[in-house]
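Structure, as structure tokens:
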Amino acid sequence: MALTFLFKGMLMGLLGSIPLGPIGVLCIQRTLSKKFRSGFFSGLGAATADSLFAVVAIFFLSLVMSFIESRKELLTVVGGVIIMGIGIMISLKKPSLYVRRNRARSKNIFRDYISTFLLTLTNPAYILVFVALFATVGIEKENLSAGTAVLTILGVFSGASVWWFVLTFFINKIRRRFRPRHVVIISRIAGSVIILLGVLAVIGAFVKMPAGWAV
């Protein structure tokens, strides 16, 4: 019975991660321009943030909803500006940076992880996505004990991590088919897409679009 919560958590982690917003584009770009572990650790950063959102959705939703609602537009603008900045940096990187060997060092992997973790946290309205997912898979706070809650959160992290592993592993497999100039072109396109998503997020904040759509 307890394992049911783990599996339901994994399902939520998968469903919450599969839509490819700017985080997904960023992970793909890093996998292509660096290595598999750079893209995967970037995904793990997003999975960690998603797990925190799931914790809030279970235990602290009533405490943070007023904060989110009162600052929703501001948080969306901040996240959108950061996303645009990342897109601009990707677009302006020198082509030579994409052909260097051994460029994914340990400290850079940690930086990749932290950057996507913090970027995902700039969109706390995504908590509402997990509220909806909890309802979809049939998990209610009243039915959760401390143990089953932990299993659910572990499931969310595991499901999200599996998705990022599969995505970046596949991208890394086809990465060898690309010449350096192809990687540069793809990075330019990825940067432009990320910039566009950031712009749409900022515009959405002013036209009252849902703040949770972008990441």
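If you take OG1 on Thr31 and CG on Leu167, they are separated by 7.0 Å, rounding to the nearest 0.5 Å. Atom CZ in Phe110 sits 11.0 Å away from atom CZ in Phe41 (nearest 0.5 Å). Expressed to the nearest 0.5 Å, how far CZ of Phe40 lies from CD1 of Ile109 amounts to 11.0 Å. Phe5 CZ to Thr148 OG1: the interatomic distance, rounded to the nearest 0.5 Å, is 4.5 Å.
Here Phe170 pairs with Ile174 under the side-chain contact (heavy atoms from CB on, under 4.5 Å) rule; sequence neighbours left out.
With a 4.5 Å cut-off on side-chain heavy atoms, Thr116 and Leu26 count as touching. Inter-residue side-chain proximity for Leu121 and Phe53 is flagged as met; some heavy-atom pair is nearer than 4.5 Å. Contact check for Leu154 versus Met10: no side-chain heavy atoms found under the 4.5 Å cut-off.
Under 4.0 Å is where a charged nitrogen must lie from a carboxylate oxygen, and between Lys34 and Asp112 at least one such pair does.
Looking at every heavy atom in both residues, Cys27 comes nearest to Gly43 through SG-N, 3.5 Å.
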Walk me through whether Leu6 and Thr152 qualify under side-chain contact (heavy atoms from CB on, under 4.5 Å). CA-CA 5 Å; Leu6 178 65; Thr152 302; over 6 Å; no

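A side chain to side chain contact (heavy atoms under 4.5 Å, CB included) with Leu44 is found for exactly one of Phe117, Phe157, Trp164, namely Phe157.
Screening residues 41-57 for side-chain hydrogen bond (donor to acceptor under 3.5 Å, both in side chains) gives Arg30-Ser42, Thr48-Tyr113 as the qualifying pairs, with residues at least two apart or on separate chains.
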